[in-house]
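For reference, the structure discussed in these notes is given below.
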Amino acid sequence: MKLTITLILLFIQRAVLANSIHPVSITWANADIQDHKVSLSVKTTAEDLLYFHPLSPDSLFRLSQAALMDAARQHSTIIKSGFFILDQNKDRLPVTIVSSNFNSLKSKKEFDVMELLKYPLYYKMEFELADNIDLLVFHQALSESGLPSVCLLSISKNTNSLVQNIELSEHQPFSIGRDAVSIGSPSEVNFMLSYITLTDTEVLHELTLPMALLKTFVSIKDKEFNEAVKIIEGFIEENSTVEVNKSTIDPDAITLVFQNETEALMNDQSLVNIRVAYNLKSFPNEIGISWNSFNWKMRWFKSLIDAFGTQVEHNFSRFQPRFEMKREMKLKKEGN
């Protein structure tokens, strides 16, 4: 009996945890093309460990330093297999992990799972570069149980920048010539990740975006941290709207997690995770979810939607700012 209760509690705990964080793996990769090798530095966050390793938080949703350190070390294998470079013959370049850095996890003994985005992890790999290789095709295939993965790739040659912030996904590799001198103007970070969960009792919209992009929508320069947070919350409440059964509902909670806390307001590359929760008071027959603000930096974004257990996608844009769906209420007839 005790074992059954324990398993049920663990199942509930994992279910709550899975719905409490956006299931999107986010990494940054910096590649330097050298004479006989490509040096690739990968940065991710401790939050990624939740997606790839069987971590079990306690009743207060905390994880120990020892558990996270162990998972970070094991994660080296996933990083090594998830990032690879092909040559012009589609052969993989031999690779070795040469170093890793988990110093951010030494700051305390226990960590709140909702704030693991704040703790960076670093891995460095080296790919052998033979003399007959002319083309380099960068791939990333970080995924687990269908979870989406996004990587921002920057490439330099002998430390001289060639391209910055190329979005690299499992189905979107990036090719560059070994002897490339210039590849045009570097792009700026302008992506936003959106994950929406729909259940009978709640709508949860989670957004992750760089501070640089957020600052194109809200003016928080020279603002105190608490004031800046209120401005951001007001912007999100106004622009992320939910309509259930033809009635607009207000969010019950807006939670902001800054990757580097107050320093993130000065670091444009830092990520901001925004969670907007709407509690439902009636069975959701008709649902409409809208994003009301686009600009020259963000003309559209893809949202991954878990609609009552069914996975769908929607591209929010100025011309298609609303996602809609209807459900049929299933009523049991007596005697059937």
Heavy-atom closest contact ([X] atom, [Y] atom, distance):
X	Y	value
I220	M211	CD1-SD, 4.1 Å
S194	S303	OG-OG, 2.8 Å
N245	P284	OD1-C, 3.8 Å
S81	R92	O-NH1, 4.2 Å
N132	R178	N-NH1, 4.5 Å
R322	G288	NH2-CA, 3.7 Å

### Neighbour count above 12 (heavy atom, 6.0 Å) for K109 NZ
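No, NZ of K109 has 12 or fewer neighbouring heavy atoms, counting only those of other groups under 6.0 Å.
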
Q.
Is it the case that atom CD in Q311 sees more than 12 heavy atoms from other parts of the structure closer than 6.0 Å?
A.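 Result for CD/Q311: enclosed.
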
Side chain to side chain donor-acceptor pair (under 3.5 Å) partner of S25, the single match among T45, D48, T44: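 Output: one option passes, namely D48.
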
Item to complete: Compute the ring centroids of F316 and F301, then answer whether they are less than 6.0 Å apart.
Response: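 Ring-ring flag for F316/F301: true, centres closer than 6.0 Å.
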
Ring centroid separation F258 to F225 under 6.0 Å =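 They qualify: ring centres under 6.0 Å apart.
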
Please tabulate, one pair per line, all N/O donor-acceptor pairs under 3.5 Å involving side-chain atoms of residues 67-75, not counting sequence neighbours.
residue	atom	partner	partner atom	Å
D70	OD2	Q74	NE2	2.8
H75	ND1	H53	NE2	3.0

Do [X] and [Y] have side-chain atoms, one donor and one acceptor, less than 3.5 Å apart?
X	Y	result
K106	N103	yes
Q140	S149	yes
N30	S41	no
N89	D91	no

Interatomic distance, [X] atom [atom1] to [Y] atom [atom2] [nearest 0.5 angstrom]:
X	Y	atom1	atom2	value
Q34	T159	CD	OG1	8.5 Å
I236	S293	CD1	OG	9.0 Å
E324	E243	CD	CD	8.0 Å
L129	I33	CG	CD1	8.0 Å
D306	L198	CG	CG	7.5 Å
F217	N295	CZ	CG	3.5 Å

Salt-bridged, R327 to D200, with N to O below 4.0 Å?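 Looking at D200 together with R327, the answer is yes, because their closest N to O distance falls below 4.0 Å.
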
Are [X] and [Y] grouped together when hydrophobic residues (ILVMFWY) are joined by side-chain heavy atoms under 4.5 angstrom apart?
X	Y	result
V242	F235	yes
I232	F294	yes
Y119	Y122	no
V38	L86	no

Are [X] and [Y] packed together at the side-chain level, in the sense that at least one heavy-atom pair is separated by less than 4.5 angstrom?
X	Y	value
E313	N315	no
L168	H139	no
S100	Y123	yes
V257	K118	yes
F83	L142	yes
I155	I166	no
F308	I287	yes
I196	F323	no

Is a side-chain N or O of [X] found less than 3.5 angstrom from the main chain of [Y], in a donor-acceptor match?
X	Y	answer
S240	E237	no
S290	N292	no
W296	M298	no
T208	L193	no
E167	V150	no

